[in-house]
2 protein chains.
Amino acid sequence: MYRIGELAKLCEVKTDTLRFYEKHGLLSPLMRTESGYRMYTEEDAERLRFILRAKAVGFTLAEIAELLSIDLDKSNWACADVKGMVDIKLAQVSAKIAELNHFQVSLKRLSDACCGGPESAEHCSILEALESNSAEVKRENHTHQHQNNPNKASCKRKG
Amino acid sequence: MYRIGELAKLCEVKTDTLRFYEKHGLLSPLMRTESGYRMYTEEDAERLRFILRAKAVGFTLAEIAELLSIDLDKSNWACADVKGMVDIKLAQVSAKIAELNHFQVSLKRLSDACCGGPESAEHCSILEALESNSAEVKRENHTHQHQNNPNKASCKRKG
DNA sequence: CTTGACCTTAGATTTAACTCTAAGGTTTAT
DNA sequence: ATAAACCTTAGAGTTAAATCTAAGGTCAAG
Ligand SMILES: [Zn+2]
Ligand SMILES: [Zn+2]
Ligand SMILES: [Zn+2]
Ligand SMILES: [Zn+2]
């Protein structure tokens, strides 16, 4: 039996999180002490680990609640149901990855085009790209305009 | 000159969004009509496009506000500043991708291990994996337990 | 018998970027 | 002159998952 702080420490979450999970129907300790302290059993701890594992593969708490209720009533559910949830999540995750990959490619293109030097950003190709509609990013070259101050170090590519 | 609805349509955003951007200091039309209608200039439209392009590479509105202020005062900023913002964002995006890739791999492993059939989930390897701590997911095989009902179609791998 | 670490509750706050509501004024077309 | 389509404002609601606050009760040690 664990008090809330003990279980929290054991599973590396905050006590707030455990109360939050309880409020949202994910994990309710069966017992309370006379004085009202929550007492979690090993079974509760296992349920918490289920929740954390499901979180670790990307499920939301609402989805985890569904998985938990399926898990408690397995015989009334099919593999198809469970795999369906996983596959939907997989599609969502893949879609998000695709979006972020797009960001990544664009950002990389912007980063690569900019010298990153100490010169004025007046001719920075990143800003130019954001200002204009063109798909390609003009690359700054060695003779680009912001090398016009000979007192400053010349604007060389980093790394 | 555009009224708010015209600019919204032109750039495929909601009027709400334009008011929201104004409230947050990203885009304020210089003019109003006598009756208080916002009138956006072509310059405002360009600024909106800047915002949308920056959004399209993953910047938050707060970061876009910063980029806009840099853009209006380029000579007081260096390429290093601009590239720095891009590189920070790139790192964030890459970190998020890494997390999602982890989700994706885990989900794929779960999905692959489950037959996805109409049989009871009593021996579903997905649920088993979430219940237990083991890193590897046990794969359901052709003779797995939930094929014990001969009245139902056997639990075959989908696709 | 008091200090400090723990526990309780209800409810507010956080983050991001909208999105919606209510109540009303303006423009344009018929 | 009236209806439709537009515009205004302030402010509340949405989503997700906590995280924090305030005000107080409990427990073990010294
Ligand atoms: Zn440069
Ligand atoms: Zn640059
Ligand atoms: Zn199966
Ligand atoms: Zn299965």
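Letters go in sequence order (proteins before strands), and every chain restarts at 1.
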Under the salt bridge (Lys or Arg N to Asp or Glu O under 4.0 Å) test, residues paired with E99(A) that sit two or more places apart: K96(A)
Nearest-Å distance for atom pair OH/P, residues Y2(B) and dC7(D): 14 Å
Value in whole Å for how far the C1' atom of dC27(D) lies from CD of E6(A): 13 Å
DNA chain C contacts made by residues 41-64 of chain B, counting heavy atoms under 4.0 Å: K55(B), T60(B), L61(B)
L27(A) CG - dA17(D) C1' separation (whole Å): 15 Å
Value in whole Å for how far the C1' atom of dA16(C) lies from CD of E66(B): 17 Å
Between C1' of dT19(C) and NE2 of H24(B), the distance in whole Å: 13 Å
Linked, directly or transitively: I97(A) and V57(B) (ILVMFWY side chains, under 4.5 Å): yes
Side-chain donor-acceptor pair present, E43(A), T41(A), cut-off under 3.5 Å: no
Nearest-Å distance for atom pair CG/C1', residues D16(B) and dT8(D): 12 Å
side-chain contact (heavy atoms from CB on, under 4.5 Å) involving S69(B) - partner list, sequence neighbours excluded: none
Donor-acceptor under 3.5 Å (S94(A) side chain, L90(A) main chain): yes
Side-chain donor/acceptor of D87(B) to backbone N/O of G84(B), under 3.5 Å: no
Minimum-distance nucleotide (side-chain atoms of F20(B) versus dC18(C), dC7(D), dT19(C)): dC18(C)
Identify the pairs formed between an N or O of the protein and an N or O of nucleotides 25-27 of chain C at a distance under 3.5 Å, and give each distance.
from    : atom 1 : to     : atom 2 : distance (Å)
dG25(C) : N2     : Y37(B) : OH     : 2.8
dT26(C) : O4'    : Y37(B) : OH     : 3.2
dT26(C) : O3'    : S35(B) : OG     : 3.4
dT27(C) : OP1    : S35(B) : OG     : 2.9

Contact under 4.0 Å: Y21(A) side-chain N or O vs dA18(D) OP1/OP2: yes
Whole-Å distance separating the OH atom of Y40(A) from the C1' atom of dC6(C): 14 Å
Can you give each donor-acceptor pair under 3.5 Å made by side-chain atoms of residues 3-15 of chain B, sequence neighbours left out, with the distance rounded to 0.1 Å?
from  : atom 1 : to    : atom 2 : distance (Å)
E6(B) : OE1    : R3(B) : N      : 2.7

Test: R109(A) and D112(A) ion pair at under 4.0 Å: no
NZ-CD distance between K74(A) and E128(B), expressed to the nearest 0.5 angstrom: 6.0 Å
Under 4.0 Å protein heavy-atom contacts per nucleotide of nucleotides 9-14 of chain D, with B for base, S for backbone only and - for none: B-----
Nearest-Å distance for atom pair CD1/C1', residues I4(A) and dC6(C): 11 Å
N-O pairing of R49(A) and E42(A) below 4.0 Å: yes
Least distance between heavy atoms, G25(A) atom then R47(A) atom: O-NH2, 4.2 Å
